[in-house]
Amino acid sequence: MKSLRVCSPKAQRGSAYTTMILVALFGIVILAVLKIAPAYVDDRAIAGTMENLAASSEFADMSINDVRSSLMRTLNTNRIEFDPNNVVLVREGGNEYVDVNYESRKSLFYNIDAIVKFEHRFDKK
């Protein structure tokens, strides 16, 4: 026959502390995800807009200012804050590319920020 072990209140208190720490850590992770996720949603909108623009027949003939203004029209409509100076024309090996590289800084709490870096390259053929 097995005997039942009875836990002392002291042992149960240790498991309560562990539970509180785990709940706090889980809360911090959830908070970070909720604050950082919008940066990824905005990036998908930026990349999607640039992919649509790059797929158009006019893209090869557009100047970098035309690309920036077309991108910003769509982003302003969707209320996405973006610096158009992050869109640059790059020439490598006789080819032209449009690079969209930027960082998004999100405040998590107090003086702790999360920085998310995004890099996209579109061939300007």
In this structure, CD1 of Ile80 is separated from CZ of Arg44 (nearest 0.5 Å) by 11.5 Å
Check whether Val87 and Leu89 end up in the same hydrophobic cluster, where Ile, Leu, Val, Met, Phe, Trp and Tyr are linked by side-chain heavy atoms less than 4.5 Å apart. yes
Mind listing the closest non-hydrogen atom pair of Met72 and Pro84 along with its distance? CG-CB, 3.8 Å
Find the distance between CD1 (Ile30) and CG (Leu25) and round it off to the nearest 0.5 Å. 12.0 Å
Rounded to the nearest 0.5 Å, the CD1 atom of Ile36 sits from the CG atom of Leu108 at a distance of 5.5 Å
Mind checking whether Val100 and Tyr97 sit in one hydrophobic cluster, side chains of I, L, V, M, F, W, Y counted as touching below 4.5 Å? no
Would you call Met62 and Leu53 a side-chain contact if the rule is heavy atoms closer than 4.5 Å? yes
Walk me through whether His120 and Asp43 qualify under side chain to side chain contact (heavy atoms under 4.5 Å, CB included). CA-CA 10 Å; His120 303 284; Asp43 180 62; 2.8 Å; yes
Listing request: all salt bridge (charged side-chain N to carboxylate O under 4.0 Å, His left out) pairs with a residue in residues 101-112, at least two apart in sequence or in separate chains. Arg105-Asp113
Return the CG to CG distance between Asp66 and Leu71, rounded to the nearest 0.5 Å. 12.5 Å
Inter-residue atom distance Phe109.CZ - Leu31.CG, 0.5 Å rounding: 6.5 Å
Flag, side chain of Asp83 to backbone of Asn85, donor-acceptor distance under 3.5 Å: yes
Would you kindly confirm whether Val41 and Val33 end up in one hydrophobic cluster when ILVMFWY residues are joined by side chain heavy atoms under 4.5 Å apart? no
Could you tell me whether the side chains of Thr49 and Asn52 share a donor-acceptor contact shorter than 3.5 Å? no
Could you give the distance from NZ (Lys117) to OH (Tyr102), rounded to the nearest 0.5 Å? 13.0 Å
Can you say whether the rings of Tyr40 and Phe118 are parallel (under 30°), tilted (30 to 60°) or perpendicular (over 60°)? perpendicular
Looking at Ala60, is its backbone amide N or carbonyl O close enough to the side chain of Lys124 to form a donor-acceptor pair, meaning the two atoms are under 3.5 Å apart? yes
Would you check if the side chain of Ser69 reaches a backbone N or O of Asn65 as a donor-acceptor pair within less than 3.5 Å? yes
Verify the cluster assignment for Tyr110 and Ile115: are they in a single hydrophobic cluster under the rule of side-chain heavy atoms below 4.5 Å apart? no
Single-linkage hydrophobic cluster, 4.5 Å side-chain cutoff, Leu34 and Phe26 together: yes
With side chain to side chain contact (heavy atoms under 4.5 Å, CB included) as the test, pick out the partner of Val88 among Asp99, Ile64, Val98, Val67. Asp99
